[in-house]
Amino acid sequence: MENNKGDRRRGRRRSSRAADDITAVLRKCWYRLRLSVRDPSRVPTWDAVVLTAASPEQAALYEWQLRRAKRFGRIAPSTVTLAVPDPDAARIGSGAATLHAIYALARHLLRIGHASLEVSDDKEDSLLSSSNGWSNDDTSFSSIVNYMATRHILLLHAGGDSKRVPWANPMGKVFLPLPYLAADNPDGPVPLLFDHILAISSSARQAFKNKGGILIMTGDVLPCFDASTMILPDDSGCIITVPITLDIAANHGVVVASSDGITNDDYSICLVENLLQKPTLTELTEGHAILHDGRTLLDTGIIAARGKAWAELVKLACSSSQAMISELVDSRKEMSLYEDLVSAWVPAKHEWLRSRPLGEELINALGNQKMFSFCAFGLSFLHFGTSIEVLDHLGGSNSALVGRRHLCSMPETTSCDIAASAVILSSKIAPGVSVGEDCLVYNSSLSGRIQIGSQSIVVGVSIASLNKYEQIDNSSRFVLPDRHCLWEVPLAESLGRIIVYCGLHDNPKISVENGGTFCGKPWKKILHYLQIQESDLWSSLAGQEKCLWTAKLFPVVSSSEMLKLSMWLTGSTIYNCQEMLFLWRNSHRISLEDLHRSIDFPQLCMESNKHQADLAAGIAKACLTCGLLGRNLSQLCEEILQKGTMGVEICKDFLTLCPILQNQNHGVLPQSRAYQVQVDLLRACEDESNARILEQKVWTAVASETASAVKYGIEGDSFDSKCGTNTTSKLTKDLEDISFCPKRASVQLPVRVDFVGGWSDTPPWSLERQGCVLNMAINLEGSLPIGAVMETTKSSGVLIVDDAENHVYIEDPASISTPFDKDDPFRLVKSALLVTGIFRHKVLVNSGLQIETWAKVPRGSGLGTSSILAAAVVKGLLRLMEEDESNESVARTVLVLEQVMGTGGGWQDQIGGLYPGIKCTYSFPGQPLLLQVIPLVASPQLVSELEQRLLVVFTGQSYRR
């Protein structure tokens, strides 16, 4: 009884707590994804990403999308990618498709000669030639299974015909545009649903740790939660669940979990006792599926198998999947992942499973392991199952996430009418176009007098100026009514292109008899109004269901005639019905079902590449000719290079514009930015040697701009890389008569822990935009770990000694100059000597200098060691010179030092070590650069907690800037 009360209290707390903030969750997942792609040794990534497809043609499109994801840094170069079509394009079900994909991946790894697969060449040929699976008794089979069992696989079910989102059919629903966080990367490619799924799954990868396994997800769901908190029991299957209300559960799968298990405020892990599919209230009650708070556990479609459960799944796939699939095809039956395959891990389902196709085989192969439910209480379940759901996820509570204008070309607001709430992605909009509220326009070019109604979706449409099509009507206007979808695709076998349309709420699967609609109107009303006969749309063959999916409705005619007929069919304008009916009846027409099999996928990919490259080229050209180079030319060039050699030529043309732009904007355009644009263009032109040469000029310019921003130096003086040079004055004869005076300075500083905001402090960002960092100074083992001692000497020259017993004597300080060798262990101290200008100061007249430094911190620990050591050296030198050694002065000087040294650091590290305690620091661009340090006074209790519980551990992995 007490346990039930505790569960109720936890349930009430969970229900009163809002779902995890999607923005924060996605940003964290994207950060992990980028890190795993850049450095898989630090953040493990997937060994393979596999997508299922409905046909070989769709698989080819998915392969193109996978290559795109690698090119844009969504998938690590080391990750194997594969798109697997269902065999013979047969409908075999998601469970059989899962087994087939695992088997296809094993064959693919064997085919590409994966180094860790120990199979002889002769045996490899034999295995690859076999199309019926591999024998369990074969030693090579064991080698392959054992190898696969140690791999970490992401499998995404992306096949199917997308009947409820028909406009996403050509691209695949998983690749529909989803511009969440698009503003974080304004010049990058339009984020896709697939990209966000990759980000979420990258956090899930660490749950597998070093034990092999598979994570299976669906292509029409984005489960927003911090998957890094996921816990997967050993040697088991695991289904990810979330509490949901009973009305929603009635249309989905429900998991019945044991009341025993591990439960806290964020998640629960319990053994799965039963599985229910679209249960009624009675079935939920009788199945003990209702939780204490009145909700139930929703099957999110995410399934994991780890350890022995994964190994047995691999063994079944490689030995029996092909025979099982043949049996399914012959009997015209399917095996579901969510009903059949996972039921093998749930003993209560075994009796039911034995009555299903191949159920006995599944129980024998997989039934020895169990399945658990990992319930993530804060998971937000975003389903993209219908067109209206897609628009809903672009508005409402998620609207702040959405980038509403991304990589698009649009005229000024006085020549077109684009609603502020409309989402325009990768599209070109010409003057005269009107787009209504809450629309989605993607990958399209719209010209002329075009009116897109509110809550409409336009994808892949290219409409040239309608002035050419006077036969459309007297006003030469195309109108798409409110709440409609319009898309255009190329057809195979050189049949040209076709424009397709339907209502936003149309369900193509619902038959005429059951209330099916077209363009939001009942079929009977449509047929009567347009004088179309059912026999015009559907054949008389027995068994064909009369619905939008099978209606031969869409004509393949000229562009102008397609537009004209589309307005007639959608009822957006009044035409001579007999004339339209004659034109429509005498045209070759296809259905959505036909279209699914008739898309020219290679042409679709080529057109998409060209369209996006042309858009990026237009944006880049406008940036170069009209702006101040505020765009990310490197990313725009990535898009432009999709045109191959033609893209390279475009980038070469852009290079010729750079000198003109610098002359036009002299004194306004930062020199470092101008140089960086040229570096990006040179790399796009594959001229790496000149790019590296010019890159040195970038950092030299950044150093100069940083020095200018912090008002470096005495008025009238300017920094020169030759330490002995004073550009406006010389040491007078009086200074030469000064006698030696011994002086000594000692500085010790803490290291810093960075909580949030890092990199916003770094030039050139901080020279142009506001920065903000929260960090804290800490001692290590009770002492200040960083320090420097310097003193004047009677002998001339400079002696530098570090704590690794390295030392260097510089007889002529005037020989110190930039750029420094990156392997020079003394470049930090040399840079400090330069930026403080101590060699021009009277303190070193007739004196030398000895400097000793130490840092009792592992190199590359990420605690700001080098910048804080630089602060210690600078502070000591300024003390010797009796100049301003205030924390603000030192922080500014170190900011210049970082640029001179060539590391390109910012101000947060030295601020972290110079100012005690916890502080929030802001920087404001300008000349001078303004720094505002706000100490955050911690309570004695918090300080005590931090001192007792904060543990700093060096992992042995060095931080690399």
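These numbers were taken from a predicted model, which means no experiment stands behind them. FYI, the numbering just counts along the sequence from 1.
- A salt bridge is defined here as a Lys NZ or Arg NE, NH1 or NH2 lying under 4.0 Å from an Asp or Glu carboxylate O, and D824 with K830 meets this definition.
- Between the side chain of S672 and the backbone N or O of V702, no donor-acceptor pair lies under 3.5 Å.
- Taking SG of C658 as the start and CG of L694 as the end, the distance is 9.0 Å to the nearest 0.5 Å.
- Listed for the T903 side chain is a donor-acceptor partner under 3.5 Å among the backbone atoms of E898.
- Formation of a donor-acceptor pair under 3.5 Å by the K875 side chain with backbone atoms of E885 is found in this model.
- Remark: L681 CG to S634 OG distance equals 9.5 Å, nearest 0.5 Å.
- The main-chain N or O of I800 is never found under 3.5 Å from a side-chain atom of H807 such that the two would form a donor-acceptor pair.
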Stepwise side-chain hydrogen bond (donor to acceptor under 3.5 Å, both in side chains) test for W907 and S923:
CA-CA 9 Å; W907 46 256; S923 69; 3.3 Å; yes
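- Of the possible polar contacts, none joining the N779 side chain to the G782 backbone as a donor-acceptor pair under 3.5 Å is found.
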Check step by step if salt bridge (charged side-chain N to carboxylate O under 4.0 Å, His left out) holds for R673 and E768.
CA-CA 11 Å; R673 195 190 300 174; E768 302 176 24; 2.4 Å; yes
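- Within a 6.0 Å radius of CZ in F72, other residues, nucleotides and ligands contribute more than 12 heavy atoms.
- W765 CH2: 12 or fewer foreign heavy atoms inside a 6.0 Å radius.
- A salt bridge links D184 with R27: the distance from a Lys NZ or Arg NE/NH1/NH2 to an Asp or Glu carboxylate oxygen falls below 4.0 Å.
- Counting non-hydrogen atoms of neighbouring residues, nucleotides and ligands closer than 6.0 angstrom, the OH atom of Y31 reaches no more than 12 such neighbours.
- Contacts of N806 classified as side-chain hydrogen bond (donor to acceptor under 3.5 Å, both in side chains), with partners at least two apart in sequence or in another chain: D802.
- Nearest approach of M901 to F820, heavy atoms of both residues: CA-CD1, 4.3 Å.
- Closest approach of Q910 and S867 over heavy atoms only: OE1-CB, 3.6 Å.
- Taking CG from L655 and SG from C685, the interatomic distance works out to 5.0 Å, rounded to the nearest 0.5 Å.
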Can you list the steps and then say if L834 with I816 is a side chain to side chain contact (heavy atoms under 4.5 Å, CB included)?
CA-CA 8 Å; L834 287 180; I816 301 176; 4.1 Å; yes
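- The nearest pair of heavy atoms linking L828 to S866 is CD1-O, 3.1 Å.
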Walk me through it: do V710 and V896 pass the test side chain to side chain contact (heavy atoms under 4.5 Å, CB included)?
CA-CA 8 Å; V710 300; V896 180; 3.3 Å; yes
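- M790 is not listed as a side-chain neighbour of K743, based on a closest heavy-atom distance of 4.5 Å or more.
- Every residue two or more places apart in sequence or in another chain that forms a side-chain hydrogen bond (donor to acceptor under 3.5 Å, both in side chains) with R752 is listed here: Q908, D909.
- Side-chain contact check for V890 versus L878: some heavy-atom pair is nearer than 4.5 Å.
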List the steps, then state whether side chain to side chain contact (heavy atoms under 4.5 Å, CB included) holds for L799 with T793.
CA-CA 10 Å; L799 176 64; T793 61; over 6 Å; no
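- Note: F839 CZ to D812 CG = 9.0 Å, rounded to the nearest 0.5 Å.
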What's the verdict on side-chain hydrogen bond (donor to acceptor under 3.5 Å, both in side chains) for Q635 and D680, showing C-alpha distance, side-chain angles and the deciding distance?
CA-CA 9 Å; Q635 290 190 318; D680 293 338; over 6 Å; no
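- In E811, the CD atom is not crowded: 12 or fewer heavy atoms of neighbouring residues, nucleotides or ligands sit closer than 6.0 Å.
- Looking at heavy atoms from C-beta onward, F654 lies out of side-chain contact with E649 at the 4.5 angstrom threshold.
- At least one side-chain heavy atom of L833 sits less than 4.5 Å from a side-chain heavy atom of L849.
- Taking 4.5 Å as the limit, some side-chain heavy atom of L636 sits within range of a side-chain heavy atom of L407.
- For Q899 (side chain) and G905 (main-chain N/O), a donor-acceptor pair under 3.5 Å exists by modelled atom type.
- Judged by distance alone, the side chain of S783 and the main-chain N or O of P785 form no donor-acceptor pair under 3.5 Å.
- Nearest heavy atoms, D754 versus L774: OD1-O, 3.7 Å.
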Step by step, would you call L749 with V747 a side chain to side chain contact (heavy atoms under 4.5 Å, CB included)?
CA-CA 7 Å; L749 294 173; V747 180; 4.1 Å; yes
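- Between the side chain of S889 and the backbone N or O of D884, at least one donor-acceptor pair lies under 3.5 Å.
- Remark: side-chain polar atoms of K919 are paired, donor with acceptor, to backbone N or O of Y915 under 3.5 angstrom.
- Not a single donor-acceptor pair under 3.5 Å links the side chain of S708 to the backbone N or O of S704.
- The shortest heavy-atom contact between V773 and G757 is CG2-O, 3.3 Å.
- For the atom pair Q678 CD and Q676 CD, the distance stands at 10.0 Å (nearest 0.5 Å).
- The closest side-chain heavy-atom distance from W30 to R74 is below 4.5 Å.
- For K70, the NZ atom is densely surrounded, since the number of other residues' heavy atoms within 6.0 Å is greater than 12.
- Ion pairing between R692 and E695 fails under the 4.0 Å rule for side-chain N and carboxylate O.
- In this structure, the side chains of S202 and R32 come closer than 4.5 Å at one or more pairs of heavy atoms.
- Between M776 and L946, the closest side-chain pair of non-hydrogen atoms falls below 4.5 Å.
- The two residues V798 and P813 make their nearest non-hydrogen contact at CG2-CG, 4.2 Å.
- Around CD of E688, the count of heavy atoms belonging to other residues, nucleotides or ligands within 6.0 Å exceeds 12.
- A distance of 6.5 Å separates CG in L767 from CG in L929, rounded to the nearest 0.5 Å.
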